[in-house]
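Below: one structure, written as structure tokens.
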Amino acid sequence: MTSLKHHPLDQLLAFYRLMVTIREFELRAAGERKAGLVPGFLHACVGQEATAVGACAALNAEDVITSTHRGHGHLIAKGGDPRFMMAELAGKTSGYCGGKGGSLHLADFDLGVLGANGIVAGGIPMAVGAGLAFQMRREPRVALAFFGDGAVNEGAFHEAANLAGLWKLPVIFFCENNLYGEGTPQHKQAPIRDLSLRAAGYGFPGVIVDGNDVVAVYEITLDAVERARKGDGPTFIEAKTYRQRGHYEGDPMIYRTEEEMAYWRARDPILGFRKRLEEEMEVEPAALDAVDAEVKALLDEAVQFAIHSPAPRPEAALEGVYADDHGGRVF
Amino acid sequence: MTSLKHHPLDQLLAFYRLMVTIREFELRAAGERKAGLVPGFLHACVGQEATAVGACAALNAEDVITSTHRGHGHLIAKGGDPRFMMAELAGKTSGYCGGKGGSLHLADFDLGVLGANGIVAGGIPMAVGAGLAFQMRREPRVALAFFGDGAVNEGAFHEAANLAGLWKLPVIFFCENNLYGEGTPQHKQAPIRDLSLRAAGYGFPGVIVDGNDVVAVYEITLDAVERARKGDGPTFIEAKTYRQRGHYEGDPMIYRTEEEMAYWRARDPILGFRKRLEEEMEVEPAALDAVDAEVKALLDEAVQFAIHSPAPRPEAALEGVYADDHGGRVF
Amino acid sequence: MKREITFAQAINEAMAEEMRRDPSVFLMGEDVGVFGGVFGVSEGLLAEFGEERVRDTPISEAAIVGAGLGAALVGMRPIVEIMFADFVTVAMDQVVNQVAKARYMSGGKARVPLTIRIANGAPGAAAAQHSQSPEAWFMNVPGLKIAIPSTPADAKGLLKTAIRGDDPVLFFEHKMLYSRAGSAPEGEYLIPFGRAAVRREGEDATIIAIGGPVNAALSAAEQLARQSVSVEVIDPRTLVPLDLDALIASVRKTGRAVIVHEAHRRAGPGAEIAALLAEKAIDYLEAPILRVAAANVPIPYNPDLERFVLPTAEDIVEAVMKLIRYEI
Amino acid sequence: MKREITFAQAINEAMAEEMRRDPSVFLMGEDVGVFGGVFGVSEGLLAEFGEERVRDTPISEAAIVGAGLGAALVGMRPIVEIMFADFVTVAMDQVVNQVAKARYMSGGKARVPLTIRIANGAPGAAAAQHSQSPEAWFMNVPGLKIAIPSTPADAKGLLKTAIRGDDPVLFFEHKMLYSRAGSAPEGEYLIPFGRAAVRREGEDATIIAIGGPVNAALSAAEQLARQSVSVEVIDPRTLVPLDLDALIASVRKTGRAVIVHEAHRRAGPGAEIAALLAEKAIDYLEAPILRVAAANVPIPYNPDLERFVLPTAEDIVEAVMKLIRYEI
Ligand SMILES: Cc1ncc(C[n+]2csc(CCOP(=O)(O)OP(=O)(O)O)c2C)c(N)n1
Ligand SMILES: Cc1ncc(C[n+]2csc(CCOP(=O)(O)OP(=O)(O)O)c2C)c(N)n1
Ligand SMILES: [Mg+2]
Ligand SMILES: [Mg+2]
């Protein structure tokens, strides 16, 4: 386990706050889905907050990420505003995508979030393209692609990894191996347990990290970012983690055992980190409680913001398809 | 280098005959293309005869292969009749596909040749499916997929390899690494030189063989076949070889040097093997000359057969799309 | 005997019956086994047929479809499930270049008894990558057959025909139909391809409705009946082959045609049907051919926007009334 | 100044001019660099612009298209070449779900200045996997624009517009056009999307011809003129947006329409055009709308069979004559 002492307390507290924000966002979103504010699919990343936060903490504001169907955490970690996120989930005009994208397509180009994605592995080539642009323009930026253990078996991952390895692009392949793709366990999706093994076939390093240890994730991503900025090319980071909730909200979860879930809940990335903050960094529980309370207030506000934001006019459905729609003649 | 002595002379002579047949077929086909008998694209495998012959010799008649755009050698090695092949190249009814497929789509299901393919890597999943059927039916058959070094960067290869590795299917991934995909050298297509490295990512062995040594190819494929039949799953065989002619007939070949070509011509699989037959097995040159002559006669006959076979009626174009075309209502 | 079952159950039953009947039939796809299919369509099949014949796969659509083809070529009758039609894009080469053409390219020798089940349509607030209806792309790919049932009975009868046939079939199942119940025969029941069903008879206009929106068409017809407009509703059931004769016969009778589907309007299945009518039935037409279909924009997430984009019963009523009122 | 250049040279020139003008424009694809493109279209570009901006790629179409999208999203203007239209199938998800929808899904925020050049059509005896014309699939995918030029001048003018625009464009180049010469302006020359070109004026019938077969349509018109049938030939040049007004105006004048393309007839681009005419121009029509297109079978290898399947000038003449002789 990495030591917390090497890191400024401020930063550690920021990690904590972000992880709690993500957790709280997911729980609130799930609740609001039941309550009817959120109409669409939700894929919560509860249990995986450390990967999002650790990885994005290693990036600069100018760096970009591509995300997945389970992307709320990535966006929050990259600076996303829970208000605009919740409003998007509610399909409101004030949402990140004006209500047209929903959870699966959250994007904020200003924050360098090129988009969540409804297609497993669909966003990975995009990250490679961003990395290519950065390399061509001699910009010291990197692109980080988040994806799951299931995505590693899609052709798009493979082609993208090969291209990035070949051209030594500043791209980080960040795999959140949470042991399942929907209801199918990872071991029934690939014949290997350590997916980072595949990196060797693309000519770049593959490393494994405890995905529930936010500092470890941060440190290992920093290394990869440095490599990428130096022009040494991609790194495949495999973060071993676990999704604590269903694949989607409403998932009956018939495919896994209570023991397994309990095992992983005992390794919860937030509770564990909180404990370490208290023990290793001697943070007062009250200080952390205060953070929790602030986050709750933030999320209260986000929900209120979403509720009170206007719904789009139905005709807005016809806008935003093209930069130039030739006066509507393109429809 | 493997010793010839371990193999019956008959078999070695059969290898020789098949390799010469392939070479002769390619040269005649190229000639007939210039002469006008063959209208379509041709991708000759001159220089790669040892891979086709060595690999297919390790298979039984009931085993199946999938092939590529450079598939004449594979078909001949699996028992294809040069007459029906040449007739297909000429677009005649007596051709393997009745003139509808041409070089790119040669297939003979009776011989277990599931088809050449115009799509790079397109046939690999098919081989996996055949292997799946064999496994499900408890048949001791294997499926071997031929593909090139370029194909290894397509998503279809990756997905197919993962599936075969996962399900331990009786499939052999046979990569003919001839150093180029069209005009682009292998080292500009992937960051690794030994593509067999990728097998580890799919949980099965990857092995390398001198693809210009027919006996070595035969032996290594036999091992893979045995593994597959035992239920131990796939093997990735990477055969290092070289295509001596253009990517296609007519290729200006501006992308490679005369030195490189000369280097590989000096390692010609047929000339080398012939020399070894003469030296190690003490075969009389005259005996080999006789084989050459017989093959030439066979190819003369094949060309004549193609020339004198009837062309299809134009309306035949509308036949053979469906097993049941609902009295034509499906068009 | 008829009884009420859901569309999903009908599909389940068709698969189960065919798997019992023929050991070469098997199912593979993502989460079709333990999970029973994300829409519950394959529930119980794993228990009855075991892991070998009800196969959970990796997320590798190209490999799965290609493996289905390979297995079919050596004598199996695979059923491959594509969870959302949007994902067929990752298997597009296998469907278009391999599956569809294997037979023709081999000079008519290959037999490809492969059924690809594809869940299409908008399930509601699923946004642009989980709501598509790409049937028309495949109508443009000779070598495929396309079934698109709208009732449990048709789903059962057409799927059994698809599985037993020797040609590759894309079988589109609209997600909003899965939970709809309807009567469907027990046991052996096969519906031939290429026979449209007249869902309702009428005199004043023909609605040709495809897949999911057949129900909207029927409710539109109901509303129109109250306004004394008598509408015939025809469901082609298979797009390839298409029962053009039935469509022409109806248009000949009514003189007016509205085509309804959930695919985007531009170059959707309705384009082909309209073009065929404009070629073969123009003399019978007393008014323009109208299409009621998804607007030419990606499907938005917000349900109000989505409703605005998708075809509704009101849109159909309006289109029919436009034709009724039309004067040359 | 006008001079004669080939279609391939026109495309080359458009790319070179735009690359000179804007450093964010670059080209990537299989063998576009050292080889100069398998059809020679990018000859000389590597020498002028270097390996960074003229990039030979691995055989990984999904990654290439996706990388083009990613680069576009962060400010580049990539041109991606798909060597044969048949191969766009392996990149289908990227084109359909990512490229086409990126802007809409982000609420109109993404800018996707990406041009995907695709060689379509049958080059002769190339068989079923190297001869396809899949334009119509993409007409059914909102978010894309589609250009399909038939002359060197149009190729140049439309490609420059595509590269400079902020929307993703699929740019279809018929392989048989590459070596055809025609006059084309030197230097700056941009053609707006959505403006059809009247290639020949006429009174008796309208031929709407798309891409490669525009030439066959013109030669059919020539033959028909000798039989005193005056035919108007219209080339839409872009399918999305489509210049429907121009098509309607012509049909209004002639009363007869034949649509010609090399895509398969069923659900090809002509289906949409016929459907639009059947909706908006039915009152002007004196005869059925006919389509002359590839038959609904995979493209066969044998050249005689291929000719039988593909649309020819004779087929067009026959279709026009059928309309001329048509009596209601
Ligand atoms: C191409 C494609 N196939 C299937 C799906 C359906 N699907 C959505 S998420 C998912 C599982 C993804 O697993 P993984 O990559 O491990 O991510 P996780 O859900 O575990 O975060 C599947 C199969 C999809 N969205 N896209
Ligand atoms: C999907 C796809 N992309 C591109 C092509 C064009 N193409 C045909 S062969 C070839 C090179 C293949 O290289 P490799 O796999 O090494 O086989 P080789 O030609 O060397 O035998 C390419 C790019 C194709 N046929 N299919
Ligand atoms: Mg997972
Ligand atoms: Mg090669």
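These numbers come from the heavy atoms of this one structure, side chains and all, not from hydrogens, waters or symmetry mates. All chains are named by letter (A, B, ...) in the order of the sequence lines, taking the proteins before the strands, and each is independently numbered beginning at 1.
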### Heavy-atom contact with chain D under 4.5 Å, split by part of A/Ala145
neither
### Query
With a 4.5 angstrom heavy-atom cut-off, which part of D/Glu52 approaches chain A: side chain, backbone, both or neither?
both
### Query
Given the rule in the salt bridge (Lys or Arg N to Asp or Glu O under 4.0 Å) test, do D/Asp22 and D/Arg77 qualify, once you have shown the distances and angles that lead to the verdict?
CA-CA 9 Å; D/Asp22 181 347; D/Arg77 294 190 170 273; 3.7 Å; yes
### Query
Can the ring centres of A/Tyr248 and A/Phe41 be said to be less than 6.0 Å apart?
no
### Message
Need one label for D/Arg103: side chain, backbone, both or neither, based on atoms under 4.5 Å from any heavy atom in chain A.
### Response
both
### Task
Mind telling me whether A/His74 and A/Phe146 have parallel, tilted or perpendicular rings, with 30° and 60° as the class edges?
parallel
### Query
Among D/Val90, D/Val65, D/Asp93, D/Leu69, which has the most heavy-atom pairs under 4.5 Å with chain A?
D/Asp93
### Query
Looking at A/Val38 and A/Ala29, what are the two nearest heavy atoms and their distance?
CG2-O, 4.2 Å
### Message
Given heavy-atom pairs under 4.5 angstrom as the criterion, report whether the side chain, backbone, both or neither of D/Lys145 touches chain A.
### Response
both
#### Entry: Contacts with chain A made by residues 159-172 of chain D (heavy-atom distance under 4.5 Å), listed by residue number
D/Asp166, D/Asp167
### Message
Among A/Ile119, A/Leu163, A/Leu169, A/Leu166, which residue has the highest count of heavy-atom pairs closer than 4.5 Å to chain D?
### Response
A/Ile119
### Query
Of the backbone (N, CA, C, O) and the side chain (C-beta and beyond), which part of D/Phe26 lies under 4.5 Å from a heavy atom of chain A, both, or neither?
side chain
### Task
Tell me, yes or no, whether the heavy-atom count around D/Arg195 atom CZ, taken from other residues, nucleotides or ligands under 6.0 Å, exceeds 12.
no
### Query
Which residue, A/Phe147, A/Phe173, A/Tyr202, forms the ring-ring contact (aromatic ring centres under 6.0 Å, His included) with A/His158?
A/Tyr202
### Task
For the residue pair D/Leu144 and D/Met139, establish whether any side-chain heavy-atom pair is separated by less than 4.5 Å.
no
### Query
Among D/Ser60, D/Gly107, D/Gly108, D/Pro58, who wins on heavy-atom pairs under 4.5 Å with chain A?
D/Ser60
### Most chain D-contacting option - heavy-atom pairs closer than 4.5 Å, from A/Ala127, A/Gly122, A/Gly101
A/Gly122
### Message
Using a 6.0 Å cut-off, check whether atom CD of D/Glu51 has over 12 heavy atoms from anything other than its own residue.
### Response
no
### Query
Strictly by modelled atom types, are D/Glu135 and D/Asn120 linked by a side-chain donor-acceptor pair under 3.5 Å?
yes
### Message
As an exercise: rank A/Val128, A/Asn162, A/Val64, A/Asn117 by heavy-atom pairs under 4.5 Å with chain D and give me the winner.
### Response
A/Asn117
### Query
Highest number of heavy-atom pairs under 4.5 Å with chain D: which of A/Arg137, A/Glu88, A/Glu319, A/Arg141?
A/Arg137
### Message
For the NZ atom on D/Lys253, are there more than 12 heavy atoms of other groups (residues, nucleotides or ligands in this structure) within a distance under 6.0 Å?
### Response
yes
### Query
Is there a donor-acceptor contact under 3.5 Å linking the side chains of D/Asp86 and D/Gln132?
yes
### Message
Need one label for D/Leu244: side chain, backbone, both or neither, based on atoms under 4.5 Å from any heavy atom in chain A.
### Response
neither
### Query
Above 12 or not: heavy atoms from other molecules or residues under 6.0 Å from CZ of A/Arg329?
yes
### Task
Compare all side-chain heavy atoms of D/Thr238 with those of D/Ile148 and state whether any distance is below 4.5 angstrom.
no
### Query
Does any heavy atom of chain A fall under 4.5 Å from the side chain of D/Ser24, the backbone, both, or neither of them?
neither
### Query
Relative to chain D, which segment of A/Phe134 carries a heavy atom at a distance below 4.5 Å: side chain, backbone, both, or neither?
side chain
#### Entry: Where at least one partner belongs to residues 97-125 of chain A, residue pairs that pass ring-ring contact (aromatic ring centres under 6.0 Å, His included), sequence neighbours excluded
none
### Task
Identify which part of D/Ala72 has an atom lying under 4.5 Å from any heavy atom of chain A, answering side chain, backbone, both or neither.
neither
### Query
Top residue by heavy-atom pair count (under 4.5 Å) with chain A, among D/Pro192, D/Gly70, D/Pro113?
D/Gly70
